[in-house]
Number of protein chains: 2
Amino acid sequence: MSSVAKVARVLESFIAGRTELSVTDTVGLLDIPKSSASRMLKAMADAGLLEHAPGSRRYRIGPLAIGLGRAGRTQSRLMDRLHAMLAEVVRSCGHTGYVSVRDGLEIFGLRMIEGSHDLRVVREPGVRMPAVATAVGRALLARFDDAALAALLPDQLDRPSPAAPASRAEAIARIAHARAQGWAEAEDEGHRGIGTIAVAVADPVSGECASACITYPAAVVTAAERARICSLLTDGARRVGAELGDPVWIAAPRRRRIA
Amino acid sequence: MSSVAKVARVLESFIAGRTELSVTDTVGLLDIPKSSASRMLKAMADAGLLEHAPGSRRYRIGPLAIGLGRAGRTQSRLMDRLHAMLAEVVRSCGHTGYVSVRDGLEIFGLRMIEGSHDLRVVREPGVRMPAVATAVGRALLARFDDAALAALLPDQLDRPSPAAPASRAEAIARIAHARAQGWAEAEDEGHRGIGTIAVAVADPVSGECASACITYPAAVVTAAERARICSLLTDGARRVGAELGDPVWIAAPRRRRIA
DNA sequence: GACATAAGTTGCTCTATTTGGAACTACTGT
DNA sequence: ACAGTAGTTCCAAATAGAGCAACTTATGTC
């Protein structure tokens, strides 16, 4: 049995429900002598795939494996459908789009779809930003009501730009505004000269929620074009939301546009 | 560099933000010849750690790695605090307790704390059960409002026992009841002769939600003892909920007990 | 605290897995 | 159609991993 297969077999046993694993357990699991089992588990711990359970010689899933779950969020029916919808929007409007998720009080992009315009906004996925200071983040946080937000957000907010919310109350108000209209907008917030329009869709079966957004150079995009991008995104979100059973989009009134 | 270290290095690069990986990327990542890179990625794909991206020769995270992230859910501040709270409840009442989570329309236990009574309910963690037909599942589903539940639940429900809800409307009513009183109860539902009382707590920072429950032999536990278990669990849930910032428990009236 | 047992670690020799160059196939861009 | 790039497979050689034995550490019992 190859080393890769053994690593996989050990990790599989955690998926099957185990929370801890001993060297002796591993002898039975892999049908190898305990010296081999001991060295295999130690090597996996050294690599971050496992760690010692506190106060114990047994092993549990390690930081690398836990982090993998987060990385695995790039792949689900929600992400695939948001990606496909966003690809159509990008094709139609020519600007760059991202599929992003929230992790605590930060957001980060999982997928990027580059636009075709000569003047483009390009940012690598994976870069983390404060959720309240981005359209994407406000679209995602719009899934919480005001009371939950008051519990979740700290008193003092970082303020990466003058356009970002300065207080928790202001952040909550802007999130409530995004909730009411079904999409969020930012300009000169995460980055100067850049505008963003974002929507969020949830998959009630998996419990996931993700955002799709379009970013564009604020100076060259007209009000009519912004309205069109907004319309493309909200129509797309409603369609994906309906497919997945997201009650927010099923219940949302059809015309929710820029005033 | 050992095989385990190489596997870990490849998986780490997905955590760092990459969504796809080619054989050529791997040559650079691991500093090995492309024949070695090709075989390493193929071995990882065969083991389920990676898979081919659709319509591409590039690789992305595979089902085993994605499942691992889910398995990693056993370890978080929510799980640790629920476990500690539940250990105290088990010590006090003597019956077995579980920490469980929902995955779609099913629930499964992540951690078990065995009671001290001679007559015990013992079920291995990891066994999946329909959410609507268990106290645990109804406590977890109580986080959704009725509209969301109507979208989430199928028309036809499996009915593993006569005590389980027979229709979606009945399931929603029982979940609403659990929501109103802050805990859920089941008797003769998942298993004959077994009673369960369950609460749910969420961590708004991580987005996780988990249940803590006590199971007991229904025939030998008095009404007064059931009320005491209920009180221990809801007091414990309120304390953990307050620590984590769960608005449901912060806002909940203090006395929410069995009528 | 003494003792037996179980779990886990490490040294060292052997072997089976892994390596990597070369030759090849498949795909992509012009 | 063709050149260049990406990826695969063969096969002999190399070495990481295997596994026995001896050892250390932890645990349960009296």
Side-chain angles (χ1 to χ4, degrees), chain A residues 1-14 18-62 64-65 87 91 112-116 118 120, chain B residues 1-14 18-62 64-65 87 91 112-116 118 120:
Chain A
M1 191 190 240
S2 76
S3 293
V4 172
K6 285 176 180 148
V7 167
R9 189 74 193 85
V10 166
L11 297 176
E12 259 172 8
S13 73
F14 284 93
R18 114 171 29 254
T19 54
E20 285 185 3
L21 179 73
S22 67
V23 170
T24 305
D25 291 334
T26 307
V27 167
L29 185 69
L30 300 181
D31 193 28
I32 58 177
K34 63 183 177 172
S35 51
S36 303
S38 175
R39 268 194 275 264
M40 169 61 61
L41 296 185
K42 184 179 190 309
M44 290 177 72
D46 289 346
L49 288 164
L50 298 177
E51 66 184 12
H52 276 291
S56 169
R57 303 178 92 171
R58 298 166 73 85
Y59 291 86
R60 65 182 189 179
I61 283 176
L64 193 152
R91 185 158 49 247
M112 178 181 77
I113 305 158
E114 281 203 61
S116 51
D118 291 340
R120 279 180 223 175
Chain B
M1 192 190 243
S2 75
S3 293
V4 173
K6 286 175 180 149
V7 166
R9 188 75 193 85
V10 166
L11 296 177
E12 262 172 4
S13 74
F14 284 93
R18 135 185 353 269
T19 54
E20 286 184 1
L21 180 73
S22 67
V23 170
T24 305
D25 291 334
T26 308
V27 168
L29 185 70
L30 302 180
D31 195 25
I32 58 179
K34 64 183 176 174
S35 52
S36 303
S38 176
R39 262 194 283 267
M40 167 60 62
L41 296 185
K42 185 179 189 312
M44 289 177 71
D46 289 346
L49 288 165
L50 298 177
E51 67 184 11
H52 276 291
S56 170
R57 302 177 94 171
R58 297 165 73 85
Y59 291 86
R60 65 181 190 178
I61 283 178
L64 192 156
R91 185 159 47 249
M112 178 182 76
I113 304 159
E114 280 203 62
S116 50
D118 291 340
R120 279 180 224 174

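Keep in mind that the numbers below use all heavy atoms, side chains included, and drop hydrogens, waters and symmetry copies. Below, chains carry the letters A, B, ... as their sequence lines are ordered, and counting in each starts from 1.
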Using atom types as modelled, flag every donor-acceptor pair under 3.5 Å from a side chain in residues 27-36 of chain B to any protein atom, sequence neighbours excluded.
none

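- Of the residues in residues 21-28 of chain B, those with a non-hydrogen atom less than 4.0 angstrom from any atom of DNA chain D are B:S22, B:V23, B:T24.
- To the nearest angstrom, P of C:dT17 lies 14 Å from CG of A:L30.
- Rounded to whole Å, the distance from CG on B:L29 to P on D:dG7 is 14 Å.
- The ring-ring contact (aromatic ring centres under 6.0 Å, His included) pairs that include a residue from residues 20-52 of chain A are A:H52-A:Y59, where partners are two or more places apart or lie in different chains.
- Rounded to whole Å, the distance from CG on B:L50 to P on D:dG7 is 13 Å.
- Judged purely by atom type and a 3.5 angstrom limit, B:D46 has no side-chain atom pairing as donor or acceptor with the backbone of B:A43.
- The phosphate of C:dT9 (OP1 or OP2) has a side-chain N or O of A:S38 nearer than 4.0 angstrom.
- Side-chain contact between B:R60 and B:T19 is absent, with no heavy atoms from C-beta onward closer than 4.5 Å.
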Point to revise | Summary of protein contacts for nucleotides 23-30 of chain C, nucleotide by nucleotide, where a base hit scores B, a sugar-phosphate-only hit scores S (4.0 Å, heavy atoms) | key: ----S---
Exercise for review: Assign a letter to each nucleotide of nucleotides 12-20 of chain D from its 5' end: B, base within under 4.0 Å of a protein heavy atom; S, sugar-phosphate only; -, no contact.
Suggested key: -----SSBB
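- With axes fitted over five pairs at each extremity, the angle between the ends of the helix from C:dG1-D:dC30 to C:dT30-D:dA1 is 70° (10° resolution).
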